[in-house]
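Inspection log for the structure reproduced underneath, given as structure tokens.
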Amino acid sequence: MLRHAKYPNVLLNLLVAVAVSLVVNFSYMLLLLVDSRNDAPPPPPEEMLAADEAEAGLLRVSPDGHGYLIVETGDSIYVSMSRIRRLDLSDGDTLLASVTPPAEPAAHPVLKKVLRRNGVEFDYGALFKRPSESLTLTLQLIYFLLLSFILLSVLTPVKYDYSRRRFIVRCCWGVVIAAGLYFLAPVTEWRSGRLLFNFMAPRMLDYVLLLKCSFAVVVSLLYSWIYVLISQQQAVAMENERLKNENLTTRYNMLVGQINPHFFFNSLNSLAMLVREKHDEKALTYIDQLSYTFRYIIQNGQSTLISLGEELDFLEAYGYLFKIRYADKLFVEVDVPEACRSWLLPALSLQPLVGNAVKHNAITRANPLRIGVRVADGWLEVSNRKAPKLEPEPSTGIGLENLRNRVRLITGREIEIVDTEAVFTVRVPLQNPAVCSGR
């Protein structure tokens, strides 16, 4: 599994950059290998003369810079001033050279190519100080390695954003960087053999170099796209695993928060009060509603979505338990159109909201607590006026946090909390069953 860690990502990019550099320069390396195996000693300079006659003699340079090669027969061969300067020839050098016949009968023959100087084979490569082929190859390998590594670092950052727009922007930046690095490529000047940067060369448009750079860019883009696809798949797998663990934790906390021993004991106390006061009918109704409440909680503890109508039926039984405990001091006012009862929401959404309202607010006959439940713009709103208790009960925050996590997990949306000085409101998103079923 790929991890978005700094050093593994850098090492992976470096290995890919090495591979790209080797592939780009593979033909050049292969050519050098073949040439090195097929090298044979060059024939003597005299044997290389096919049509031109070789002449040996002593070079004399006149004060004006022009020279003449004096041969044993006494004839002279003209050597131009530019050739003397370019080949670094000196007065008194003994030369063996090929000769170009004179264009006119009365003219001097002209020196064509120096074969030996002072008994030593003349090396034109050393004259122009051309770099060795191994040095040129090494610089090419290093350049394309750096080019590919920089591109991969831009295209596959440590903290990767998977949006298509950001990926396209990074690709554009990669192309711009590659275009800039193209002018910094090491090249060999054809005439002098010097190593210099491409922007310093007489011709910056080198088709071979351009082809190599384009290949490196294309491979880097393809690799980065594959990297994105693999990373996305693994990110989805990790997110699914996280959601699965969060789902199990949320369901456990939901049951712990909802089957509250404190609520259970208060319910038994209310039932005992009805029995002591011999309110038999109310006691039987209370038992029925208490049984329905706990059965609903247990049966729907693992549910995801449930209709709003079923939630309101549960609220009626759940609210009845509070009404018996608080007599005429607690009122649950439901204003939900019949057409909205088929809408869906996470199961047991109303229980923690009503329970929190009762738990955190003072309930007296002079100031009864009214809890309003209504539907507005596709949201279920549960609100109550705020009357904090003088001695507030300790709050764990499990109920509201569980509801927030379950709504996000099931619907992908967030609950909304509106907390003013006078009123506390929680809005839970509803889902239209027709839209959910695709009709």
For this session: Quick one: which residue pairs count as a salt bridge (Lys or Arg N to Asp or Glu O under 4.0 Å) with a foot in residues 408-421, not counting sequence neighbours?
Result: Lys386-Asp419, Arg408-Glu414, Glu416-Arg427

Exercise. Salt bridge or not for Glu121 and Arg116, using N-O below 4.0 Å?
Worked result: no

Seminar exercise, completed: Those residues at least two apart in sequence (or on a different chain) that pass ring pair (Phe, Tyr, Trp, His ring centres under 6.0 Å) with Tyr143 are none

For this session: Measure the shortest side-chain to side-chain distance between Leu312 and Val373 over non-hydrogen atoms and say whether it is less than 4.5 angstrom.
Result: yes

Problem set entry | Partners meeting side chain to side chain donor-acceptor pair (under 3.5 Å) with Ser291 (sequence neighbours left out) | Arg295

For this session: Would you check if the side chain of Ser21 reaches a backbone N or O of Leu141 as a donor-acceptor pair within less than 3.5 Å?
Result: yes

For this session: Take atom CD of Glu333 as the centre, draw a 6.0 Å sphere, and report whether it contains more than 12 heavy atoms from other residues, nucleotides or ligands.
Result: yes

Problem set entry | Six-ring centre of Phe122, Arg117 cation under 6.0 angstrom, axis tolerance 45° | no

Problem set entry | Residues forming a ring pair (Phe, Tyr, Trp, His ring centres under 6.0 Å) with Trp225, sequence neighbours excluded | Phe167

Exercise. How about Phe331: does its CZ atom have over 12 heavy atoms from other parts shown lying under 6.0 Å from it?
Worked result: yes

Exercise. Do Cys171 and Leu155 have side chains that get closer than 4.5 Å, going by heavy atoms?
Worked result: yes

For this session: Can you sort out the partners of Tyr182 under ring pair (Phe, Tyr, Trp, His ring centres under 6.0 Å), two or more places apart, ordered by chain and number?
Result: none

Problem set entry | Counterpart residues, side chain to side chain donor-acceptor pair (under 3.5 Å), relative to Glu316 (two or more places apart) | none

